[in-house]
*Asks:* 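Okay, here's the structure, questions in a sec.
Since the model is a prediction, treat every value here as computed from it, not as a measurement.
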Amino acid sequence: MADGPLIVQSDKTLLLEVDHDLAADCRREIAPFAELERAPEHIHTYRVTPLALWNARAAGHDAEQVIDALIKYARYPVPHALLVDVADTMARYGRLRLEKHPVHGLILVSTDRAVLEEVLRARKIAPLLGSRVADDTVVVHASERGSLKQSLLKLGWPAEDLAGYVDGEAHPISLKEDGWELRSYQREAADAFRHGGSGVVVLPCGAGKTIVGAAAMAQAGATTLILVTNTVSAHQWRQELLKRTSLTEDEIGEYSGSKKEIRPVTIATYQIMTTRRKGVYSHLEVFDARDWGLVLYDEVHLLPAPIFRMTADLQARRRLGLTATLVREDGREGDVFSLIGPKRYDAPWKDMETQGWIAPADCVEVRVTLTDSERLAYATAEPEERYRFCATTETKTGVIESLVQRHKGEQTLVIGQYIDQLDELGERLDAPVIKGETRIKERERLFQAFRTGEISVLVVSKVANFSIDLPEASVAIQVSGAFGSRQEEAQRLGRVLRPKASGKGARFYAVVARDTLDQDYAAHRQRFLAEQGYAYRIVDADDVLAGNEI
């Protein structure tokens with residue numbers, strides 16, 4: 001196509017012209033095999049990576065479909081070397097297969113003897129395997145199914161897992177759908193998971209990932225273990241399941257610091273699962289407490305290392321990961337692919353906004369200039385103290401007060417990392433503070449008061465980053481963060497993305513100290529949202545303090 005919307009480059013980047021008539025069709029066809037890297041106003045950049053291509057193969061796409069899509073929408077001839085590389089990379093997936101054997105149990109089968117010989121000689125692979133029962137077949141220790149997939153992926157030979165799943169203990173679950181119905185994308189996401197058997201669903205914050213989980217549970221009709229980030233999230237899951245499904249109070253158990261209930265549907269926190277006593281993870285036994293038919297990981301991008309290890313033992317169970325972003329600062333996206341499963345469904349944030357499922361958001365970076373004395377103190381601070389110093393500088397406080405005043409009457413969250421800073425802001429703003437030490441009942445009382453409008457300003461620490469449902473929050477002011485964490489930035493914006501009853505959009509402020517590490521980290525934090533199409537406007541703190549239009 002001579003005037004197509006896509007420029008395909010030999011470095012495996014794809015440039016998509018957003019305003020082209022065929023841009024939407026092109027985006028839909030390349031999304032399964034290309035990762036979005038940047039999405040500013042006019043040209044979106046995608047990259048074709050091995051992991052993305054293997055994800056596509058695992059989801060049922062072949063090299064011919066990928067090549068056809070590239071050629072179909074390309075403005076210029078597609079580099080031949082790239083097409084060859086796509087075909088070769090995708091052909092790596094499936095040369096090794098995990099299968100069930102009636103006599104030997106779990107086996108690794110190869111369609112390419114040389115590949116099998118190569119991996120058998122890998123130091124990390126050999127301990128995971130048993131005896132060789134044929135030229136192309138090796139027995140696999142059943143408990144090493146996940147670890148083997150992890151190791152093979154790192155060697156560049158991802159195994160196709162055809163060993164299937166145990167059904168687990170059956171337990172009838174149905175969706176009520178009285179007064180509500182699944183949105184089209186929620187149904188598509190649940191169906192995509194069911195057809196794949198395991199994998200990850202990626203939806204923006206506020207798009208109803210919990211409801212996709214409930215739909216997947218209804219399709220599985222089996223006992224379910226749900227892993228969540230904290231106790232407040234566990235309570236929200238419980239409430240949603242009681243509201244949306246046929247499950248009763250007695251069928252849903254909570255396994256947390258305060259309760260140890262094992263029921264047909266059990267909601268456990270990552271925190272309790274990773275608690276150690278004398279070096280032993282004593283609560284991991286909950287994985288074996290029942291014959292689970294489905295294991296569901298909320299905020300799967302946060303999966304802690306011990307759960308990764310336990311997930312390696314759960315390969316015979318159906319597994320669903322839910323997240324707004326698969327970005328992990330530790331680079332373990334490959335582990336999510338091999339241990340939870342491939343990406344089964346992904347909805348771009350801006351597409352969801354266009355369709356009205358999430359609120360439009362205006363992102364503003366407010367740059368604060370340190371006073372001369374603060375600049376000198378920052379310059380002479382120890383390197384490990386510099387970020388904290390500039391992130392919590394007193395100069396920010398007046399700006400934050402002005403922003404809160406500017407949005408008086410609107411439901412506003414002030415979000416930060418450092419507790420002493422948040423306590424001071426709580427006093428200055430005469431607003432309650434929610435932090436790690438705040439008791440669960442008090443957190444839930446304050447969240448409920450915020451939902452009803454009894455409280456209009458709430459100061460929150462990172463405990464509110466994830467899985468907190470505050471639909472009427474329309475303004476978020478970020479005052480400090482976890483260094484350069486892209487997923488934290490996305491989660492914090494997500495607190496204000498639920499559609500408002502008023503139809504108004506959301507406003508997200510990041511208050512940043514100019515010419516410091518705070519500014520450097522802010523640039524990195526904003527990358528994921530920039531990739532999703534959110535452009536930050538930069539305004540000067542002086543304009544905020546003067547009450548000027550921003």
*Asks:* Assess, by modelled atom type and distance only, whether the side chains of E261 and Y255 contain a donor and an acceptor separated by less than 3.5 Å.
*Replies:*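 On atom types as modelled, these side chains do not qualify, holding no pair under 3.5 Å.
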*Asks:* Are Y521 and Y387 close enough that their ring centers fall under 6.0 Å?
*Replies:*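 Yes; Y387 has its ring centre under 6.0 Å from that of Y521.
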*Asks:* Any side-chain donor-acceptor pair under 3.5 Å between H301 and T325?
*Replies:*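 No.
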*Asks:* So how far is it from Q417 CD to S461 OG, rounded to the nearest 0.5 Å?
*Replies:*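 One gets 8.5 Å once the value is rounded to the nearest 0.5 Å.
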*Asks:* Could you tell me whether R97 and D161 make a salt bridge, using a distance below 4.0 angstrom between a side-chain N and a carboxylate O?
*Replies:*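 Salt bridge: no.
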*Asks:* Identify whether the distance between the nearest side-chain nitrogen and carboxylate oxygen of R318 and D167 falls below 4.0 Å.
*Replies:*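 Salt bridge: yes.
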*Asks:* Would L108 and L116 count as a side-chain contact (heavy atoms from CB on, under 4.5 Å) here? Give the steps.
*Replies:* CA-CA 9 Å; L108 180 67; L116 184 61; 4.1 Å; yes
*Asks:* L98 versus L162: any side-chain heavy-atom pair under 4.5 Å?
*Replies:*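 No, side chains not in contact.
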*Asks:* Cut-off 3.5 Å, side chains only: do S198 and Y165 have a donor facing an acceptor?
*Replies:*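 There is such a pair between these side chains.
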*Asks:* Do you see a donor-acceptor pair shorter than 3.5 Å between the side chains of T13 and D11?
*Replies:*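 Yes, side-chain donor-acceptor contact under 3.5 Å.
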*Asks:* Can you confirm whether or not the ring centre of W54 sits under 6.0 Å from the ring centre of F337?
*Replies:*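 Between W54 and F337, the centre distance exceeds or equals 6.0 Å.
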*Asks:* Check whether any side-chain heavy atom of H101 lies under 4.5 Å from a side-chain heavy atom of T137, and answer yes or no.
*Replies:*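 Sidechains of T137 and H101: no contact.
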*Asks:* Between F33 and H61, is the ring centre distance below 6.0 Å?
*Replies:*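 Aromatic pair excluded; centres sit 6.0 Å or further apart.
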*Asks:* Measuring only between side-chain heavy atoms, which start at C-beta, is L225 closer than 4.5 Å to L294?
*Replies:*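 They are not in contact (no side-chain heavy atoms under 4.5 Å apart), so the answer is no.
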*Asks:* Are any non-hydrogen side-chain atoms of N55 and P32 less than 4.5 angstrom apart?
*Replies:*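 Contact flag for N55/P32 side chains = no.
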*Asks:* Do D191 and Q219 have side-chain atoms, one donor and one acceptor, less than 3.5 Å apart?
*Replies:*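 A pair is found: one side chain offers a donor N or O, the other an acceptor, under 3.5 Å apart.
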*Asks:* Regarding E160 and Y93, is there a side-chain donor-to-acceptor distance under 3.5 Å anywhere?
*Replies:*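 Side chains of E160 and Y93: no pair found under 3.5 Å.
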*Asks:* Under the 6.0 Å and 45° cation-pi test, does R92 pair with W157?
*Replies:*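 The answer is yes, since R92 meets both limits relative to W157.
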*Asks:* Between R132 and E117, does at least one N-O distance fall below 4.0 Å, as a salt bridge requires?
*Replies:*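 Between E117 and R132 there is a salt bridge, with a charged N closer than 4.0 Å to a carboxylate O.
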*Asks:* Do T210 and E240 have side-chain N/O donor and acceptor atoms under 3.5 Å apart?
*Replies:*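 Result is no, nothing qualifies.
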*Asks:* Between the side chains of R525 and Q478, does any donor sit under 3.5 Å from an acceptor?
*Replies:*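 Indeed, the side chains of R525 and Q478 share at least one donor-acceptor pair under 3.5 Å.
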*Asks:* Does the distance from a Lys or Arg side-chain N to an Asp or Glu carboxylate O, for D135 and R113, drop under 4.0 Å?
*Replies:*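 R113 and D135: salt-bridged.
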*Asks:* Can you confirm whether the side chains of Q150 and D335 place a donor and an acceptor under 3.5 Å from each other?
*Replies:*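 Note: Q150 and D335 side chains meet the donor-acceptor criterion.
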*Asks:* Looking at R486 and E489, does any basic side-chain N land under 4.0 Å from a carboxylate oxygen?
*Replies:*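 Looking at E489 together with R486, the answer is no, because their closest N to O distance does not fall below 4.0 Å.
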*Asks:* Do L82 and K12 have side chains that approach each other closer than 4.5 Å (heavy atoms only, starting at C-beta)?
*Replies:*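 Yes - at least one pair of side-chain heavy atoms lies under 4.5 Å apart.
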*Asks:* Salt bridge (charged side-chain N to carboxylate O under 4.0 Å, His left out) with R238: which of E254, E249, E251?
*Replies:*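 Answer to the salt bridge (charged side-chain N to carboxylate O under 4.0 Å, His left out) test with R238 among E254, E249, E251: E249.
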